[in-house]
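Here, residue 1 is the first one in the sequence, and each next residue gets the next number.
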Amino acid sequence: MKMVVAIIKPFKLDDVREALSDVGMTGITVTEVKGFGRQKGHTELYRGAEYVVDFLPKVKVEIAVTDDRVEAVVDAVRNAANTGRIGDGKIFVYNLDQVVRIRTGEVDGDAL
């Protein structure tokens, strides 16, 4: 099992959710986060004063999947979140040792 974590632009969340639904994913976790990568923030003008915004708003999407679904999920997220511009985000894939459904006690693949 794997945990797929994607950091994406907030306005791409609906596209990513639909793409995941199209490949059969029924459960995701979404968190609003802030950060920066190569774009290193940007400068804004507010009431005549210029200031630097270091951390940009992003959305973290977490999807627990079985090993055979990883490629489809990564492709779906990548295609849906891509704008072709800097700051599109990253996808991380982690090993997931165990999953337990609290309500029924099902484990691993059955719990997903």
Checklist entry - Does L112 share a hydrophobic cluster with V93, counting links as ILVMFWY side-chain heavy atoms below 4.5 Å and allowing steps through other members? => result no
Item to check | Residue pairs passing the side chain to side chain donor-acceptor pair (under 3.5 Å) test where at least one lies in residues 94-112, sequence neighbours excluded | outcome: K2-N95, R101-E106, T104-E106
Checklist outcome for this item: Rounded to the nearest 0.5 angstrom, the NZ-CD1 distance for K60 and I7 is 6.0 Å
Only distances under 3.5 Å count here; give the side-chain donor-acceptor pairs of residues 12-25 to other protein atoms, sequence neighbours excluded, each with its distance to 0.1 Å.
| from | atom 1 | to | atom 2 | distance (Å) |
| --- | --- | --- | --- | --- |
| K12 | NZ | D15 | OD2 | 3.1 |
| K12 | NZ | A80 | O | 3.2 |

Item to check | Pairs where residues 70-86 contributes a residue and the test salt bridge (Lys or Arg N to Asp or Glu O under 4.0 Å) is met, not counting sequence neighbours | outcome: none
Next on the checklist: Looking at every non-hydrogen atom in both residues, tell me the closest pair between G27 and I63 and how far apart they are.
Outcome noted: O-CG2, 3.9 Å
Item to check | Main-chain N/O of T83 paired to K9 side chain as donor or acceptor, under 3.5 Å | outcome: no
Item to check | side-chain contact (heavy atoms from CB on, under 4.5 Å) assessment of V74 paired with V4 | outcome: CA-CA 7 Å; V74 168; V4 178; 4.3 Å; yes
Checklist entry - Would V70 end up clustered with V77 when hydrophobic side chains under 4.5 Å apart are linked, directly or stepwise? => result yes
Checklist entry - Remaining members of V100's ILVMFWY cluster at a side-chain heavy-atom cut-off under 4.5 Å? => result V107
Checklist entry - Run the side-chain contact (heavy atoms from CB on, under 4.5 Å) check on I86 and D88 step by step: do they pass? => result CA-CA 6 Å; I86 193 166; D88 276 351; over 6 Å; no
Item to check | Which residues share a side-chain hydrogen bond (donor to acceptor under 3.5 Å, both in side chains) with T31, sequence neighbours left out | outcome: none
Checklist entry - Can you list the residues that meet the side-chain hydrogen bond (donor to acceptor under 3.5 Å, both in side chains) rule with T29, with sequence neighbours excluded? => result none
Item to check | Linked, directly or transitively: L96 and V5 (ILVMFWY side chains, under 4.5 Å) | outcome: yes
Item to check | CD-CE distance between E62 and M3, expressed to the nearest 0.5 angstrom | outcome: 5.5 Å
Checklist entry - Any link between V59 and I28 through a network of hydrophobic side chains (Ile, Leu, Val, Met, Phe, Trp, Tyr) touching at under 4.5 Å? => result yes
Next on the checklist: Between F92 and M1, is there shared hydrophobic-cluster membership here, with clusters defined by ILVMFWY side-chain heavy atoms closer than 4.5 Å?
Outcome noted: yes
Item to check | Interatomic spacing from CG in N82 to CD1 in I8 - rounded to 0.5 Å | outcome: 11.5 Å
